[in-house]
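See structure below.
All values below were derived from every heavy atom in this structure, side-chain atoms included, with hydrogens, water molecules and symmetry-related copies excluded. As the structure lists them, so they are numbered: ligands from 1, and atoms in each ligand from 1. Sequence positions, counted from 1, serve as the residue numbers for this chain.
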Amino acid sequence: MSRTVELRSDTFTLPTESMRRAMATAEVGDDVWDEDPTVHQLQERAADMVGMEASLFVPSGTMGNLCAVLGHTRPGDEVLLDVESHIFTSEVGGAAVVGGVQFHPLEAPDGRLTPSQVAAAVREPDIHHPPTALLCLENTHNRNGGVCLSPQQTHGLAEVAHRAGFPVHLDGARVFNAAVALGVDVRELTGPVDSVMFCLSKGLSAPVGSMVAGKRDFIERARRARKMLGGGMRQAGVLAAAGLCSLNEMVARLAEDHANARRLALGLDGAPGLHIDLERVETNMVFADLQSPLDASQFERLCGEEGVRVDHATPARVRLVTHRGVTADDIEYAIAAIRRVLQNQASSELRPTGTYRR
Ligand SMILES: *Cc1c(COP(=O)(O)O)cnc(C)c1O
């Protein structure tokens, strides 16, 4: 009877049966010596899928982005990115600490930078200025509710950087969600940029791992960075085997997660004390703004008591993420449970003796 609906993140996905089998039988070698055949297979498949010369298997998306920034920059360089980007907000400042780069964050209220604001942020050559050396984009945009950058938008932004003479890195942790939602080949989203990182371990359900892809010489620099960071793994083929299943078996089904997110958003739309911008539900995330006196952590706790696990994005905003571990039936259950939480709150506000917090 009691169930748990895990909506905190798509990182909670568990490996599939097919992954377990592939992991058990994977052919392996020492990947620091570049001799693991399954890692090679994964790296070739990943590079091909995103239309790049080469790719590198890394333990996490965070390390992948860091290897990419290290592969593109030198200490003292400046990196343009948006102020809500994962690299700026959620990677412990690694590129500043390890790479000695300076972040130059730009405001992008809807999660999409514009070519003109990027152009305006590029430094003129001047003895006082840190040289602008890299633009980082994010698709889908995590802290902006999983919204997508289109091929045209990506192209427009990359063109500004390339005209100014520096490369573009795409934090594409969920770039396959974007491709599926937009109905385009993922190459249309990666073609305009110089490198991309994407996660195997989120909606694609692998237990561990991310990929960095780009030109061959860039990947060699990223490989050195990975080694420096302690990310050189030995018989990593057992993990790469699961990653191959992600790429071969798990991409198309992301559409189900998107349909579930839409259903969830529609089911919660109009619930008392909650506001959802339906226009911005493009992929597998639903952001809901709390307008009741409940704050996000109280809401989180009350939903948790109903078996629905949600996360907060800000003190007044909750994040709901759909993935393979959440069925259409779980979505109906979650809608009813969340509505119950909000309804109880709304009626307790009407009771004069109720505990009443602002
Ligand atoms: C999850 C995520 C990452 C980092 O991936 P980890 O594997 O958790 O380190 C990077 N960028 C974005 C946009 C993400 O959502």
So does [Y] get a backbone contact from the side chain of [X], meaning a donor-acceptor N/O pair under 3.5 Å?
X	Y	answer
R262	V281	yes
S9	F12	no
R112	C148	yes
T190	V50	yes

* To do: Report yes or no: does R174 have a heavy atom closer than 4.0 Å to ligand 1?
  => yes
* Please work out whether the ring planes of H169 and H72 are parallel, tilted or perpendicular, with thresholds of 30° and 60°. => tilted
Using a heavy-atom cut-off of under 4.0 Å, does the side chain or the backbone of [X] touch ligand 1, or both, or neither?
X	value
E91	side chain
N65	side chain
T62	both

Any idea which atoms of ligand 1 are less than 4.0 Å away from a heavy-atom of [X]?
X	value
A173	2 (C), 11 (N), 12 (C), 13 (C), 14 (C), 15 (O)
M197	10 (C)
C199	5 (O)

* To do: Please write down residue, atom name and distance for the protein heavy atom closest to atom 13 (C) of ligand 1.
  =>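 Here the closest protein heavy atom is E138 OE2, 3.3 Å.
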* Shortest protein heavy-atom distance from atom 2 (C) of ligand 1, along with the residue and atom involved ->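 The closest heavy atom on the protein side is K202 NZ, 2.2 Å.
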Please report whether ligand 1 has a polar contact with [X], defined as an N or O pair separated by less than 3.5 Å (distance criterion only).
X	value
S201	no
D171	yes
N142	yes

* Asked: Of R143, H141, H86, which has the heavy atom at the shortest distance from atom 10 (C) of ligand 1?
  -> H86
* Identify which of C136, S90, S60, G61 has a heavy atom lying nearest to atom 5 (O) of ligand 1. =>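 It is G61 whose heavy atom sits nearest to atom 5 (O) of ligand 1.
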* Sort out for me which residue in I335, L342, V341 forms a side-chain contact (heavy atoms from CB on, under 4.5 Å) with I338. =>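 That would be L342; it is the only one of I335, L342, V341 passing the side-chain contact (heavy atoms from CB on, under 4.5 Å) with I338.
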In terms of side-chain heavy atoms, does [X] have a donor or acceptor partner in [Y] at a distance below 3.5 Å?
X	Y	result
D295	S297	yes
Q291	H275	no
H40	D34	yes

